[in-house]
Amino acid sequence: MTLSKLMLSVLLLALFSALSTGVSMYTQVRAAMALEGGDLRTETAVQLRQADAHLVTTIGDHAVNGRLFQNLDDSGRVRAVRTLGEPAPLPIHDGRQIRVGESRVALVGAQVKTHGSGADERYVDFAGRAYRVVGWLGVHQNSVLSREVLLQDADLITDESAVVADVPDGAAGIPGLSAELAQTLGSQTDQRTNIDFVSPIVIACGWVLSIVGALSSGLLIARFSWRLMALRYRLGQRRLSVFLEAMTPLAAVSVAVFAVSAGVGLLTAGSLRSVPVMVLAAGLPVLVTVAGAASALAWSLWGGNRRWVL
Amino acid sequence: MGVVTFLRGTYGTLAAKILVLVFLLVSSYNLMSFSQSTRDAVDRSFSDSAQVDMYGLTDQLADPTQFDEYRQSMANIDKVARFYDALQHDDNSKVQLLSAFDQAMPVADFEGGEEFEHGYGTGGTTQGSYDDPILQRPVVNVKSVQMSQTTFDFYNLDAGGDAAIDWAAVDYSSGRVPVLLGANYEGVYAAGDQLIVDYYSKPTQMTVAGFLPPDASMFYQGNINFFLDDYLLVPYPDSIEGAPAADKTFYGILAFAMLNANIAVAQDQPDDTVVRALESAATSSGFDQYALLNVPTYLTQFAAVRALVQDNFGLVLTIELLIACAALVMSTVLTLSADRRRERRVRVLWELGVGRRVLNRTVLAISALEYAAVVAVFLVIIQALPNEDGSARTLCLVAAVSLFILDSVLRQGRLQRTIRHRPRSES
């Protein structure tokens, strides 16, 4: 492979790895912004009457992925939350998410009064108890959430008053809950535009493009080393060593591209980052490219129809 | 001179290129339609004219007995009405009185579902159907909001819809009131339908004058995302001064309901504008039992929600640029790769004496084939999408044609070079 072709390979690898990383970051930020504009609920959230609250307050923490909310005061700004499984991340600009099963923790907006010794040790008081602030609400500091308080503690959510259950399939997603007992909730900022419809299409286009692009790049890159491989093979070199010699430079630059792309992604994602998601997003197109190139080369070496001439 | 000969061995690249360009066009189409919808949302609810300082107006008669006593005198009701009129019509005062009040409205023989009922979605229980003592018929308490024309116009509630109400003709004394229904009522009631309503204990015939556009919203009780899709909208008359004494109970309640208002003041006005407008209205009307509240949440929410709507656009635009960049690079690489494969055939044909014009035509035919397929697939896909946008489609087609022209010109250039130069040494 000549230097210019190696550079082109690097460019293609980097392009689709960056696209895929970008799409995954977009997906994360978009989901967080949708929650920010929808009072921290997704579209499928349902409101349960107080009389039916026991149906969800006894639910197991890992039964579904989602959250339960309950108002702790009349303003609706102070809410108890219970994290179930691994729900989509809440919009935060600093700190981390509340994890399942954690006690005495809080997410608060930037304008909420907190106390504590340092910037990392902030507490917010409610009903005589101090809750440790683990994260700060709002994709930006100034947001509709800047006065919101979310508290999580064991048994903070009771069946003494109404509960909002936010799980993927609404009422159908909660075992034992019939749809008649749940009231749907509206009032999402996203209603104002057609983002709910546009966003999935953009995400789908981005993903498919990065995979189709990565695969085509793999086949293209394979062709770069085709002639040299043919020559080496004709000169009597063993197939496996021909194959390995062709793949080594590609594998090396792939690892480098993956590391850079995942690293840049993690650095720019801020508090909404998720290491496994970012690694998968940056790595998948690279893997597809390398696999595509490797199979094309392997096919020409070991496959039935060896087209060395063209 | 068959195009097929030229395409042989490059079908994979051809298909990949078509796919890549289709994704580019479809995502651009979506971006454009989204940009239009963002502009509409901003024009509708977040225009500069809506960026105002907001105050809350209410009465000071908090004690129910005091309130009841005050309403016993028709003269007092007229005072409240004059106070309202003075604030509403004073052109010099630079304030806008945004009167709105939400409440349960008992509608007889209601045909809609539970979602329209007062209390739905709040965790409380909805009351369901019950017998109304005034109408002596089964009624359902539905979500309702009453408002003045100023409020209706301020929140652009008729934007794009056919919410036709003749505000000047709204007259409660006739016992007939035209009303508007939220967008979710479409299919439940039709324009022209009559509703029998117990409006503050006065049997009232309400005629459906039209429907609000979907997702119509206003700022109400500290919430800028107050959507009216499930609401019955009852217009206030322009003035209730000089109301008939026979309807004292009704007008007494109504007068104080109308007093529940926000006052909007342009941000460049001096701080005492509202106080002075209220004082002058109090002096001219004789009613001074009002209380003024500051509503700072309006501007905060206004800015935050507008920023959220616009941030979404920024986010989609960023990802679209990344998609466009990747798609164009990929398309170029695929085109070059396919052309490289065809070079040898072109040279052979050229040596065999095939004319330059024939080769030119063949290369052009390949481009035409590619882009025709791209446009066809693009049109099929956007046909299946619900967000129809004619101008976005036209722009995307123009972009496809431009790409086609650019591609063809570059290919012609490469063809001439291929013919002119001897084959390069193989790498």
Side-chain angles (χ1 to χ4, degrees), chain A residues 2 5 8 11-12 15-16 18-19 22-23 26 29-30 33 36-37 39 47-51 71 139-140 142-146 161-164 183-195 197-199 201-203 205-206 208-210 212-213 215-217 219-220 223-224 227 310, chain B residues 9 12-13 16 19-20 23-24 26-27 30-31 33-34 37-38 40-41 44-45 114-115 120-125 215 217 223-227 229-230 300-301 303-305 307-309 311-313 315-316 318-320 322-323 325-327 329-330 333-334 337 341 344 385-387 426-427:
Chain A
T2 60
K5 282 182 172 161
L8 182 59
L11 172 78
L12 290 174
L15 188 64
F16 294 106
L19 177 60
V23 171
Y26 166 84
V29 177
R30 225 338 270 157
M33 280 170 67
E36 178 163 326
D39 206 19
Q47 169 94 55
L48 293 180
R49 297 171 178 90
Q50 188 231 315
N71 285 348
V139 175
H140 304 293
N142 278 327
S143 74
V144 268
L145 303 173
S146 57
S161 69
V163 174
V164 170
Q183 303 178 349
T184 51
L185 287 153
S187 301
Q188 303 261 345
T189 299
D190 286 351
Q191 271 173 258
R192 297 177 182 278
T193 60
N194 61 4
I195 182 80
F197 163 77
V198 166
S199 191
I201 294 180
V202 172
I203 292 172
C205 279
V208 178
L209 185 63
S210 70
V212 167
L215 188 64
S216 325
S217 315
L219 299 179
L220 212 76
R223 208 179 288 162
F224 291 163
R227 292 215 168 85
L310 263 182
Chain B
T13 19
L19 259 183
V20 162
F23 284 133
L24 174 66
V26 169
S27 57
N30 268 296
L31 176 75
S33 114
F34 178 54
S37 110
T38 303
D40 289 348
R44 192 162 145 187
S45 308
E114 195 197 11
E115 68 270 26
Y120 182 89
T122 56
T125 32
D215 305 317
S217 69
N223 179 14
I224 202 164
N225 281 340
F226 185 80
F227 288 94
D229 295 304
D230 294 332
T300 324
Q301 286 196 34
V305 174
L308 200 57
V309 168
D311 280 359
N312 266 319
F313 181 70
L315 199 61
V316 176
T318 314
I319 202 71
E320 176 59 31
L322 204 54
I323 288 178
C325 178
V329 169
M330 199 59 221
V333 168
L334 288 169
S337 145
R341 275 199 88 147
R344 212 177 292 207
L385 302 178
N387 58 341
E426 308 294 356
S427 52

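So that the names make sense, note that chain A is the first sequence line, chain B the second, and so on, each numbered from 1.
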Could you look at [X] and say if it's the side chain, the backbone, both or neither that has a heavy atom under 4.5 Å from chain A?
{"X": "L334(B)", "result": "side chain"}
{"X": "D40(B)", "result": "neither"}
{"X": "T300(B)", "result": "neither"}

Value rounded to 0.5 Å, distance of [atom1] in [X] from [atom2] in [Y]:
{"X": "T189(A)", "Y": "F227(B)", "atom1": "OG1", "atom2": "CZ", "answer": "6.5 Å"}
{"X": "N30(B)", "Y": "S199(A)", "atom1": "CG", "atom2": "OG", "answer": "9.5 Å"}
{"X": "Y26(A)", "Y": "T318(B)", "atom1": "OH", "atom2": "OG1", "answer": "9.5 Å"}

Part of [X] within contact of chain B (heavy atom distance under 4.5 Å):
{"X": "L12(A)", "result": "side chain"}
{"X": "V29(A)", "result": "both"}
{"X": "I195(A)", "result": "both"}
{"X": "D190(A)", "result": "side chain"}
{"X": "Q183(A)", "result": "both"}
{"X": "S143(A)", "result": "backbone"}
{"X": "S146(A)", "result": "neither"}

Shortest non-hydrogen separation from [X] to [Y] and the atoms involved:
{"X": "C205(A)", "Y": "V26(B)", "result": "SG-CG1, 4.2 Å"}
{"X": "V309(B)", "Y": "R192(A)", "result": "CG2-CD, 4.3 Å"}
{"X": "L308(B)", "Y": "G37(A)", "result": "CD2-CA, 3.3 Å"}
{"X": "T193(A)", "Y": "T38(B)", "result": "CG2-CA, 3.8 Å"}

Which residues pass the side chain to side chain contact (heavy atoms under 4.5 Å, CB included) test with L209(A), sequence neighbours left out?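 Partners of L209(A) by the side chain to side chain contact (heavy atoms under 4.5 Å, CB included) criterion, ordered by chain and then number, come out as L19(A), V20(B), F23(B), I323(B), A326(B), A327(B).
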
Is the backbone of T184(A) close enough, under 3.5 Å, to the side chain of Y120(B) for a donor and an acceptor to pair up by distance?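 Yes, because the side chain of Y120(B) sits within donor-acceptor range (under 3.5 Å) of the backbone of T184(A).
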
Using only atom types and a distance under 3.5 Å, with no angle test, would you say the side chain of S37(B) pairs donor to acceptor with the backbone of N194(A)?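 Looks like yes, one N/O pair under 3.5 Å.
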
For chain A, which of [options] has the most heavy-atom pairs under 4.5 Å?
{"options": "V329(B), I319(B), T13(B), D230(B)", "result": "I319(B)"}
{"options": "C325(B), A303(B), S217(B)", "result": "S217(B)"}
{"options": "S45(B), S33(B), G12(B)", "result": "S33(B)"}

